[in-house]
Amino acid sequence: MPSGYDLRGKRVWVSGHRGLVGSAVVRRLASEDCEILTAARQELDQRNQADVQDWFAQNKPDAVILAAGTVGGIHANSTRPAEFIHDNLVIAANVIDAAYAAGVEKLLYLGSACIYPREAPQPMKEDALLSGPLEPTNQWYAIAKIAGIKMCQAYRLQYGCDFISAQPNNLYGPGDNFDLMSSHVIPALIVKAHNAKGGKRLEIWGTGKPKREFLYVDDLADALVFLMKHYSDETQINIGTGEEVTIRELAETVSRVVGFTGGLEFDASKPDGAPRKLLDVSLMKSLGWSARTKLEDGLKATYDWYLTSHAGKRG
Ligand code: GFB
């Protein structure tokens, strides 16, 4: 395993600490001997350049994990393209540049698997970046994420900054967004299956044929901390499980976990999005890291969190 950055005694800012990823990173960093810095949205709007610069000057982080952003599932991406491109572009530009100006020692920028072309050969290797047209439903988000990755590379090249980037596949887990109009598919199917219990039908968007790779968010947090310590290169690195399921198979597994016994109904008027997006995770494996959580176990933990956190759902 390559030796690298020592987190001990460091002030580590988890940008976006209330989100799905950021909250998992805070949980994971609790077992490292470092000081975790956070900034609530009311305290710091990361879309405001001057505020971000001031925050760095006052709080002096040694390291940054940049997980803040405007995120959502296929419907939110397709219907709010301006927010997705603007917010994610300016957050990346503000935080990465301020981190450089403040002399931050290490920064990890979080990308997304949608940076790769829609028709990229599967599984998608890191060198598939910018080799073809993007999936139209999330191209706005993808362009912003590609810009963030390119900023890390540019600041490494010109200024020698140890800024790295990594992209996970579709994430899920405790702390996810369960709002049906903006969520990703797993929380949406959990809510729908839960509400349909005792009924006959569970409505699924699209044909059920697209394939997706799902990564449990605590596995991602572990991978990010691993990369902070052991990775220092310009290549944006893939983080996934290496396994994929169809949306139909996912719906069947969610039904089993939630206890929904009715049938599935597919609404082909809703978009499928990318036909497949399986990440090639051989680079991550060669460094010594692999995902641990099986899909069904992760779904059980996520459903349990949903029942506990959304009052009145249990029972
Ligand atoms: O998770 P999801 O919204 O995003 O949808 P993407 C995955 C698949 O599940 C699509 C289907 O084929 C959806 O049509 N699906 C079925 C549903 N039922 C539902 C439902 O009730 N809700 C939702 N949301 N989907 C995202 C990007 O794409 O991938 C993000 O939009 C991000 O930008 C993320 O990059 C990783 O996998 O299609």
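For ligands, and for the atoms within them, numbers begin at 1 and follow the listed sequence.
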Problem - CG-OG distance between L189 and S255, expressed to the nearest 0.5 angstrom - result: 8.0 Å

Problem - salt_bridge(R8, D33) N-O dist < 4.0 Å - result: no

Practice task
Looking only at protein heavy atoms, identify the closest one to atom 12 (O) of ligand 1 and say how far it is in Å.
Solution key: D272 O, 2.6 Å

Practice task
Considering non-hydrogen atoms only, spot the tightest contact between N88 and A144 and give its length.
Solution key: CB-CB, 3.5 Å

Fill in the blank from the handout: Closest to atom 27 (C) of ligand 1 by heavy-atom distance, out of N138, V185, L250, is N138

Exercise for the section: List every atom of ligand 1 that sits less than 4.0 Å from any heavy atom of A188, numbering the atoms from 1 in the order shown and giving each element. Expected result: 20 (C), 21 (O), 22 (N)

Problem - Contacting atoms of ligand 1, where contact means under 4.0 angstrom from a heavy atom of C114 - result: 35 (O)

Exercise for the section: Could you find the nearest protein heavy atom to atom 31 (O) of ligand 1 and give me its residue, atom name and distance? Expected result: N77 ND2, 2.9 Å

Fill in the blank from the handout: Quick note on ligand 1: atoms under 4.0 Å from a heavy atom of I74 include exactly 2 (P), 3 (O), 4 (O), 31 (O), 38 (O)

Fill in the blank from the handout: Per side chain to side chain donor-acceptor pair (under 3.5 Å), D45 is matched among R47, R41, Q42 by R47

Exercise for the section: Within a distance under 4.0 Å of any heavy atom of K277, pick out the atoms of ligand 1 and give their elements. Expected result: 6 (P), 26 (C), 28 (O), 29 (O), 34 (C), 36 (C), 37 (O)

Completion exercise
If we number the atoms of ligand 1 from 1 as shown, the ones under 4.0 Å from a heavy atom of S183 are 24 (N)

Handout entry: Region of Y141 engaging ligand 1 - heavy atom pairs below 4.0 Å
Key = side chain

Exercise for the section: Return the residue, atom name and 0.1 Å-rounded distance of the protein heavy atom closest to atom 36 (C) of ligand 1. Expected result: N170 OD1, 3.3 Å

Exercise for the section: Can you sort out which atoms of ligand 1 are near K192, meaning under 4.0 Å from one of its heavy atoms? Expected result: 20 (C), 21 (O)

Exercise for the section: Look only at the side chain of N170 and the backbone of F214, and say whether a donor-acceptor pair between them is shorter than 3.5 Å. Expected result: no

Practice task
Looking only at protein heavy atoms, identify the closest one to atom 8 (C) of ligand 1 and say how far it is in Å.
Solution key: I247 CD1, 3.6 Å

Fill in the blank from the handout: Nearest non-hydrogen protein atom to atom 13 (C) of ligand 1, with distance, is P271 O, 3.9 Å

Practice task
Show which atoms of ligand 1 fall inside a sub-4.0 Å distance from at least one heavy-atom site of G73.
Solution key: 3 (O), 31 (O)

Handout entry: Polar proximity ligand 1 side, A274 side, N/O cut 3.5 Å exclusive
Key = no

Fill in the blank from the handout: Within 4.0 Å of some non-hydrogen atom of G72, the atoms of ligand 1 are 30 (C), 31 (O)

Handout entry: Distance (rounded to the nearest 0.5 Å) between Y216 OH and Y172 OH
Key = 7.0 Å

Completion exercise
Residue, atom and distance of the protein heavy atom nearest atom 35 (O) of ligand 1 read S112 OG, 2.9 Å

Exercise for the section: Would you mind telling me which of V26, V25, V12 makes a side chain to side chain contact (heavy atoms under 4.5 Å, CB included) with I36? Expected result: V26

Problem - Donor-acceptor under 3.5 Å (E249 side chain, T246 main chain) - result: yes

Exercise for the section: May I ask you to test the K150-L129 pair for a side-chain heavy-atom distance under 4.5 Å? Expected result: yes

Practice task
Compare all side-chain heavy atoms of L283 with those of S286 and state whether any distance is below 4.5 angstrom.
Solution key: yes

Practice task
Give the residue and atom name of whichever protein heavy atom lies nearest to atom 34 (C) of ligand 1, and the separation in Å to one decimal.
Solution key: H184 NE2, 3.7 Å

Handout entry: From CZ (R28) to CD1 (I65), nearest 0.5 Å
Key = 9.5 Å

Exercise for the section: Consider ligand 1: state whether an atom of it lies below 4.0 angstrom from any non-hydrogen atom of R212. Expected result: yes

Problem - Atom pair CG/CG of L224 and L227 - distance to nearest 0.5 Å - result: 6.5 Å

Practice task
Note the single closest protein heavy atom to atom 18 (N) of ligand 1, along with its residue, its atom name and the distance in Å.
Solution key: W205 N, 2.9 Å

